[in-house]
Amino acid sequence: MNLHHFNIHPLTFVLVHGAWADASFWDGIAAHLQRMGHIVHAPEYPGHGSDLNKNVTHAMQSQAIADYIIQHQLRDVVLVAHSFGGTVVQKAAELVPDRIKRLVFWNAFVLNNGESAFEEVPPAAQQAFDQIRKNSGNNTIMLPFPLFRDTFVNLASFEQAKYLYDRISPEPAGPLYEKLDLSKFYTLTMPRSYVYLTEDAVLPQYGPDYSWHPRMSSRLGLFRLIKGHGDHMTTAKTEPHHIAKLLYLAGRD
């Protein structure tokens with residue numbers, strides 16, 4: 001039997017961006033997934049993109065993703081989360097579990113019950129975020145360029161890093177600090193996958209206690225692990241075909 005003869009079965013992807021990002025983060029990846037024959041949706045959630053209101057709650061964000069799935073009558077969804085989007089997807093999955101075929105976390109937070117995303121950030125970053133939040137005047141956090149350049153886009157050239165940095169906007173701080181009741185999430189039984197880009201320095205920068213994999217991934221119970229090269233934000237733009245392939249491997253039956 002020649003394994004190469006198996007066809008790609010079309011999947012329905014819903015792609016959920018992370019902090020300091022919006023739906024455009026997925027443009028190249030979505031285009032490649034569509035070329036592969038898949039149906040792709042990339043909804044935005046409150047506090048991002050054209051929504052200038054930064055006074056949002058985590059519940060508003062997860063509800064927006066669940067509402068999008070319902071309004072577009074989507075079923076058998078491969079629900080993909082990047083970065084902070086992992087926390088949004090954890091709560092959205094509780095709201096529409098019957099519509100989800102598989103959860104895919106891509107270098108994404110997987111919080112324990114009762115935790116906030118902020119608690120999973122290393123102490124040095126917590127102190128920086130607290131200070132930036134206090135000084136913002138509108139309860140937002142803007143990444144300082146040196147932090148963004150060396151951890152979020154560590155594989156980028158300086159020019160690429162500047163280009164990407166000029167397109168991010170301050171992140172609503174409220175949802176990052178909210179402790180989430182995830183007791184229902186931990187009763188859900190749909191399959192899950194973790195996509196791990198090995199050069200991502202956002203968490204590992206702070207030492208072995210802070211990792212995407214296995215620290216976050218291991219909280220999923222049984223999961224499929226898909227590894228590839230790449231950093232937190234550059235590779236999505238420079239090699240969208242590579243990310244699309246990894247997401248397909250993570251999402252397929």
Side-chain angles (χ1 to χ4, degrees), residues 3-44 77-86 88-89 101-110 143 148-168 191-205 211-217 220 223-253:
L3 290 178
H4 294 293
H5 289 166
F6 284 107
N7 293 324
I8 284 183
H9 294 290
L11 300 171
T12 300
F13 285 96
V14 173
L15 309 175
V16 179
H17 63 80
W20 300 288
D22 56 32
S24 70
F25 174 79
W26 297 106
D27 286 355
I29 296 165
H32 277 280
L33 286 169
Q34 284 167 333
R35 254 176 244 142
M36 291 161 71
H38 305 298
I39 297 160
V40 185
H41 295 262
E44 227 154 49
V77 166
V78 177
L79 184 56
V80 178
H82 181 244
S83 195
F84 174 74
V88 177
V89 158
K101 182 175 186 173
R102 181 177 282 268
L103 298 173
V104 177
F105 294 82
W106 162 27
N107 286 52
F109 286 97
V110 181
L143 287 174
F148 179 78
R149 197 270 171 276
D150 284 345
T151 63
F152 280 70
V153 292
N154 47 300
L155 295 183
S157 68
F158 181 77
E159 291 71 26
Q160 287 171 330
K162 286 296 284 183
Y163 177 85
L164 293 170
Y165 187 72
D166 288 344
R167 279 152 185 78
I168 69 170
R192 58 277 317 255
S193 300
Y194 204 93
V195 173
Y196 174 48
L197 298 194
T198 52
E199 288 116 325
D200 184 325
V202 170
L203 288 183
Q205 170 92 348
S211 65
W212 296 112
H213 170 72
R215 182 181 170 91
M216 296 294 161
S217 58
L220 296 173
F223 69 96
R224 178 188 304 166
L225 176 64
I226 303 292
K227 281 188 186 182
H229 77 86
D231 69 8
H232 200 65
M233 279 185 157
T234 317
T235 314
K237 298 297 182 188
T238 57
E239 298 179 72
H241 56 284
H242 169 59
I243 305 297
K245 183 185 170 198
L246 295 177
L247 294 180
Y248 171 70
L249 293 176
R252 67 182 174 181
D253 289 337

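Atoms considered below: every heavy atom in the structure, side chains included; atoms not considered: hydrogens, waters and symmetry mates.
- Note that the OG1 atom of Thr234 and the OH atom of Tyr163 stand 13.0 Å from one another [nearest 0.5 Å].
- The main-chain N or O of Ala156 is found under 3.5 Å from a side-chain atom of Arg149 such that the two form a donor-acceptor pair.
- Screening Leu155, Val153, Asn107 for a side-chain contact (heavy atoms from CB on, under 4.5 Å) involving Met233 leaves a single residue, Val153.
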Report the C-alpha separation of His9 and Arg252 in whole Å, then their side-chain angles, then the decisive distance to 0.1 Å, and conclude whether the side chain to side chain contact (heavy atoms under 4.5 Å, CB included) test is met.
CA-CA 8 Å; His9 294 290; Arg252 67 182 174 181; over 6 Å; no
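- Of the candidates Val195, Val89, Ile226, Val195 is the only one forming a side-chain contact (heavy atoms from CB on, under 4.5 Å) with Val104.
- Between His82 and Phe25, the ring-plane angle classifies as parallel under the 30° and 60° cut-offs.
- A heavy-atom distance below 4.5 Å is found between the side chains of Lys227 and His213.
- Counting heavy atoms from C-beta on, the side chains of Leu197 and Ile243 come closer than 4.5 Å.
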What's the verdict on side chain to side chain contact (heavy atoms under 4.5 Å, CB included) for Ile29 and Phe13, showing C-alpha distance, side-chain angles and the deciding distance?
CA-CA 11 Å; Ile29 296 165; Phe13 285 96; over 6 Å; no
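- Taking both residues in full, the closest heavy atoms of Leu143 and Tyr165 are given as O-OH, 2.6 Å, listed atom of the first, atom of the second, then distance.
- For Asp231 (side chain) and Thr235 (main-chain N/O), a donor-acceptor pair under 3.5 Å exists by modelled atom type.
- Of all the heavy atoms in Pro10 and Gly37, the pair that sits closest is CB-O, 3.5 Å.
- Nearest approach of Phe148 to Ala161, heavy atoms of both residues: CE2-O, 3.7 Å.
- Rounded to the nearest 0.5 angstrom, His229 NE2 and Tyr196 OH are separated by 14.0 Å.
- A pairwise comparison of heavy atoms in Arg224 and Arg102 identifies NH2-NH2, 3.0 Å as the closest pair.
- The nearest pair of heavy atoms linking Ser83 to His232 is OG-NE2, 2.8 Å.
- Separation of atoms CG (Leu249) and NZ (Lys245) is listed at 6.0 Å; rounding is to 0.5 Å.
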Taking it one step at a time, do Phe109 and Trp212 satisfy ring-ring contact (aromatic ring centres under 6.0 Å, His included)?
CA-CA 7 Å; Phe109 286 97; Trp212 296 112; 5.2 Å; yes
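- The minimum heavy-atom distance between Glu199 and Asn154, with the atom names listed, is O-ND2, 2.8 Å.
- Salt-bridge check for Asp253 with Lys101: passed, with a basic side-chain N closer than 4.0 Å to an acidic carboxylate O.
- Atom CD of Glu239 and atom NE2 of His32 lie 10.5 Å apart (nearest 0.5 Å).
- The distance from the CG atom of Leu164 to the CD atom of Glu159 is 11.5 Å, given to the nearest 0.5 Å.
- The distance from atom CG of Asp200 to atom OG1 of Thr151, rounded to the nearest 0.5 Å, is 8.5 Å.
- Side-chain contact between Val80 and Trp26: present, with at least one pair of heavy atoms (C-beta onward) separated by less than 4.5 Å.
- Using a 4.5 Å cut-off on side-chain heavy atoms (C-beta onward), Val110 and Arg192 make no contact.
- Classified by interplanar angle (parallel below 30°, tilted 30° to 60°, perpendicular above 60°), the ring pair Phe105/Tyr194 is parallel.
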